[in-house]
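First the structure, then my questions, so here it is.
Order of listing sets the numbers, starting from 1, for every ligand and every atom in it.
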Amino acid sequence: MGGLRRLTLRKAILTTGGLLFVYIILSTAFGPGIKDVKPLIHPVGETIHIKDSSKDLAQEAAPEIPSRQPPAIQLDPVDDTQHPWPIVGSDSEVSPKGDDGETQDATADDLALINAIKARKASPVTYTQMLSASRRERDYAIALLVREANLAMRSTDVYSVTVKNQTAPSGNIHDYLSLSKYYWPNKSTPDGLPYKRIDGHVNPEIETVRDYRLLRTMIREVHVMGMAYHFTGNKDYATKCAMRLREWFLDEATYMNPNINYGSLRKGENLGARTGVLDLFTIFRVFDALHYLKQEPSWPQDLIPQLQDWFRRYLRWLETSPLAKIERESNNNHGTYYDVQVIAIHLFLGRNEEAKQVALKALHIRIDPQISAKGEQPEEMERKTSWYYSVFNLQALMTLARWGDDLGVDMWHYEGPQGQSIKKAIDFMLPFASRDGEGWPVENLKGFDMTDYLKCLQIAWFVYGDEKYLDTIAYLQPRVQQDMDNGKIKTISTFMCDMSTLLEATKRGGQGFIWHWCLT
Ligand SMILES: *[C@@H]1O[C@H](CO)[C@@H](O)[C@H](O)[C@H]1NC(C)=O
Ligand SMILES: *[C@@H]1O[C@H](CO)[C@@H](O)[C@H](O)[C@H]1NC(C)=O
């Protein structure tokens with residue numbers, strides 16, 4: 001994948017370009033015609049004048065942008081030697097290998113484009129140029145997605161809570177079990193029990209119970225295959241997704257009980273911890289995938305109702321079990337992600353009014369107490385990995401705000417009594433991001449990974465239209481690219497963010513599905 005390294009600057013250009021393009025597409029999607037540009041959410045700077053249309057595309061020469069070669073899209077099983085990123089762990093940890101080290105400086109065209117984007121007032125950036133750039137990004141992202149999906153197709157492992165060779169304290173093999181991440185044996189007791197907390201240090205023993213990994217793998221693979229189905233129309237992806245969903249939630253032999261009573265279990269305890277509820281928060285990815293999968297003619301008609309039944313029961317558990325209640329009352333990211341989960345499930349069940357109530361309440365029980373007048377997130381700042389958790393909670397808040405757009409709750413611009421707001425939380429972190437974390441006021445183990453914060457900024461720029469975000473995006477992009485080159489980047493979603501352009505353009509999903517790629 002020699003193309004990766006040379007993308008450093010181009011990616012900066014194309015991400016901003018891609019966002020502008022999304023803006024354009026969104027604007028046009030809801031207006032009478034492409035010339036009638038009207039922002040969907042909030043105005044972003046000056047009005048962008050765009051030339052019509054796809055006809056021009058053929059006539060107007062595309063800008064000279066160094067191209068990366070997308071891997072060929074193929075639906076046959078790929079062999080491992082061809083796969084550029086070995087899949088490790090639960091969240092598709094990808095690390096590039098086989099880098100040919102080729103580096104290419106920005107061409108004059110690159111610079112012209114980036115300057116034009118930054119100075120949009122007199123923008124010579126044409127719709128055609130944007131489209132051309134975005135198409136290349138899109139092709140590349142889809143090729144990566146299809147590779148991921150093909151790996152998922154090949155997996156013959158059983159994904160089920162029943163795979164584990166120990167049960168939860170209930171003795172029921174269908175009960176989900178995961179071990180607490182930050183708990184370690186107490187060396188002063190003979191058997192190490194009960195375990196004690198050492199924040200910021202993950203006990204590798206959690207890997208001996210695989211429910212968590214399998215759950216996250218199932219969710220990720222269904223998501224990736226569902227999206228691959230959307231882009232390729234190959235029904236084999238849909239078939240496999242249906243199999244995976246049945247296997248995890250429904251099949252007699254392998255189903256999971258709809259509760260997380262034994263999540264984040266600390267050894268020596270009989271019940272899990274409230275924090276285990278967080279294990280399922282990425283479930284909205286499955287719902288996103290289902291949005292596309294159900295359009296497949298051969299999709300089994302009884303599956304979604306059966307899944308809805310499962311989630312009705314699980315939601316009841318979320319709303320009534322003592323553990324989940326404490327999780328809901330958490331004053332940090334755990335509370336926010338509780339809301340993320342609950343809203344996602346309400347929406348899956350068609351309970352929009354209930355979802356709206358959760359979003360409204362989040363203004364006061366999440367934004368007010370979690371963000372200070374200065375924009376700090378005090379609960380997350382207390383953590384040993386304070387940067388990571390500040391971003392993590394921000395992602396949850398922004399995910400809620402995204403749903404808020406659909407539900408008629410403007411969380412983006414809400415301000416608490418002391419002026420607390422999502423924007424303030426983003427802005428508080430901004431100067432530290434543009435200095436690689438230097439001067440961050442509190443303890444922070446494990447450094448300043450900028451990948452997820454960068455994605456937050458891309459959304460922030462879109463929502464708030466503030467130029468300062470673009471500057472920091474341009475600064476961070478090459479650094480994140482470097483991390484990718486060095487194999488430090490954990491998820492493929494970095495690429496998927498670029499794919500936003502296509503998703504919007506096809507207008508089959510809506511904005512939310514795209515932003516999910518960027519926010520988690
Ligand atoms: C570890 O065990 C010792 C001996 O029982 C106890 O005094 C101590 O409080 C325990 N430490 C923690 C952090 O629980
Ligand atoms: C139980 O599962 C763990 C994790 O998969 C594995 O390492 C261990 O060998 C298994 N033990 C037995 C007795 O099968």
Can you list, by chain and residue number, every protein residue with a non-hydrogen atom closer than 4.0 Å to ligand 1?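 Lining ligand 1 at under 4.0 Å, by heavy atoms, one finds Asn186, Ser188, Thr189, Lys196.
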
Looking at residues at least two apart in the chain, or sitting in another chain, which of them share a side-chain hydrogen bond (donor to acceptor under 3.5 Å, both in side chains) with Lys164?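 Lys164: side-chain hydrogen bond (donor to acceptor under 3.5 Å, both in side chains) contacts with Asp211.
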
Whether Lys423 engages the ring of Tyr464 as a cation-pi pair (distance to the six-membered ring centre under 6.0 angstrom, angle to the ring normal within 45°) should be assessed.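 Ring-cation test returns yes.
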
Are the ring centres of Phe448 and Tyr453 closer than 6.0 Å?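 For Phe448 and Tyr453, the ring centres are not under 6.0 Å apart.
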
For Thr254, does its backbone N or O pair with a side-chain atom of Asp251 as donor and acceptor, under 3.5 Å?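 Not a single qualifying donor-acceptor pair exists.
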
Can you find a pair of side-chain heavy atoms, one from Asp279 and one from Tyr176, that are under 4.5 Å apart?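 Yes, their side chains come closer than 4.5 Å.
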
Between Tyr195 and Tyr183, is the gap from one ring center to the other below 6.0 Å?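 Aromatic pair excluded; centres sit 6.0 Å or further apart.
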
